[in-house]
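What follows is a structure written as structure tokens; I'll ask about it next.
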Amino acid sequence: MADLSARCESGHARLAGMRRRLKLAGRACLARIPSACGLCQGGARGGSLCRFCHAAVLRSMNSDTTRCPICCLALADQGVCADCAARPPAFDRIIAAFDYAPPGDLLIHHLKVGRRFTSAVMLAGMLAETVRDKAPRLPENALLVPVPASKASILARGFNPAAEIARGLARELHMDCQPGLLLRAREGGRQTHLTRLERAASVQHLYDCPRRVDGAAIAVVDDVLTTGSTLHRIAQQFKAVGAAAVYGLVLARTPYPGPKPPGQ
Ligand SMILES: [Zn+2]
Ligand SMILES: [Zn+2]
């Protein structure tokens with residue numbers, strides 16, 4: 001009997017390994033298929049950007065621009081930005097793939113307004129690249145948690161961009177994604193025209209952390225960081241249930257004063 005169950009287990013493990021290898025081979029094949037660049041429509045592969053556009057989008061974060069070490073805001077001088085100095089956020093650090101400015105802002109527009117679901121895979125790949133290269137490194141055991149969208153926006157768009165990006169990051173970085181650690185407690189309105197103070201008040205009771213996460217490093221995933229109010233509130237809640245550190249992983253960081261991203 002014991003022998004039979006051991007053989008079953010080894011059969012399952014072999015099947016799982018085969019499935020994993022097939023998936024990887026499938027992904028490698030897809031990555032080689034010629035496609036049009038999502039920005040210039042020039043030649044690219046596997047639904048990615050062409051090399052020129054890829055570099056142009058990531059240039060803002062790869063340049064020598066001085067940034068706030070906490071919220072990743074571009075600054076004229078070294079040090080912590082005025083906002084983080086005046087009101088230290090509850091999150092430990094933000095990692096952003098690019099500034100919410102041309103040409104990267106167009107990709108966010110495609111994803112959120114154009115509902116281009118497939119852009120999420122390419123954008124998650126760009127953020128994964130940034131996370132891999134960023135020092136100090138994100139803890140390998142950090143848990144990825146997407147910011148939950150309202151029911152209204154999921155119904156309107158058909159998907160939650162943050163959840164798709166988190167799923168892509170988990171695949172690229174071999175990290176654990178646990179969406180159930182952060183729930184939407186109520187609907188809440190759009191934040192587009194709210195001031196910083198109004199945004200802070202509007203996110204006060206929006207989310208809920210249903211479980212303790214003692215000692216865990218949490219990497220909260222969102223599409224765009226504007227004032228940081230949402231990630232600040234979420235980080236406060238995660239730390240209240242035991243998180244040792246809370247990071248924010250976002251596609252784009254809005255420069256100050258910057259354009260308002262769609263749906264913010
Ligand atoms: Zn291009
Ligand atoms: Zn800052």
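Order of listing sets the numbers, starting from 1, for every ligand and every atom in it.
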| said: Between H54 and the Zn ion (ligand 1), is there a contact where an N/O/S atom of the residue lies under 2.8 Å from the metal? | reply: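 No N, O or S atom of H54 is closer than 2.8 Å to the Zn ion (ligand 1), so no.
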
| query | Above 12 or not: heavy atoms from other molecules or residues under 6.0 Å from CZ of F159? | reply |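 Atom CZ in F159 is packed in, count exceeds 12.
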
| Which value, rounded to 10°, describes the SG(C40)-the Zn ion (ligand 1)-SG(C50) angle? |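 My answer is 110°, to the nearest 10°.
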
| request: Please check if atom CZ in R51 has more than 12 non-hydrogen atoms from other residues, nucleotides or ligands closer than 6.0 Å. | output: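 At most 12 heavy atoms, drawn from other residues, nucleotides or ligands, come within 6.0 Å of this atom.
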
| message | Does this structure show an ion pair linking R59 with D99, if we count only N-O contacts that are shorter than 4.0 Å? | response |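 No, this pair does not count.
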
| said: One thing to verify: whether E164 and R167 come together as a salt bridge, which I'm taking to mean a side-chain N less than 4.0 angstrom from a carboxylate O. | reply: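 Salt bridge present between R167 and E164.
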
| Is the shortest side-chain N to carboxylate O distance from R186 to D208 below 4.0 Å? |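 Judged by the 4.0 Å cut-off on N to carboxylate O distance, R186 and D208 do not form a salt bridge.
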
| query | To the nearest 10°, what's the angle at the Zn ion (ligand 2) between atoms SG (C71) and SG (C81)? | reply |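 Here the angle at the metal atom is close to 110°, to 10°.
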
| request: Taking the Zn ion (ligand 2) as the vertex, measure the angle between atom SG in C84 and atom SG in C68; round to 10°. | output: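 Computed angle, vertex at the Zn ion (ligand 2), rounded to 10 degrees: 110°.
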
| query | For the Zn ion (ligand 2), does an N/O/S atom of C72 lie at less than 2.8 Å? | reply |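 No, since none of the N, O or S atoms of C72 sits under 2.8 Å from the Zn ion (ligand 2).
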
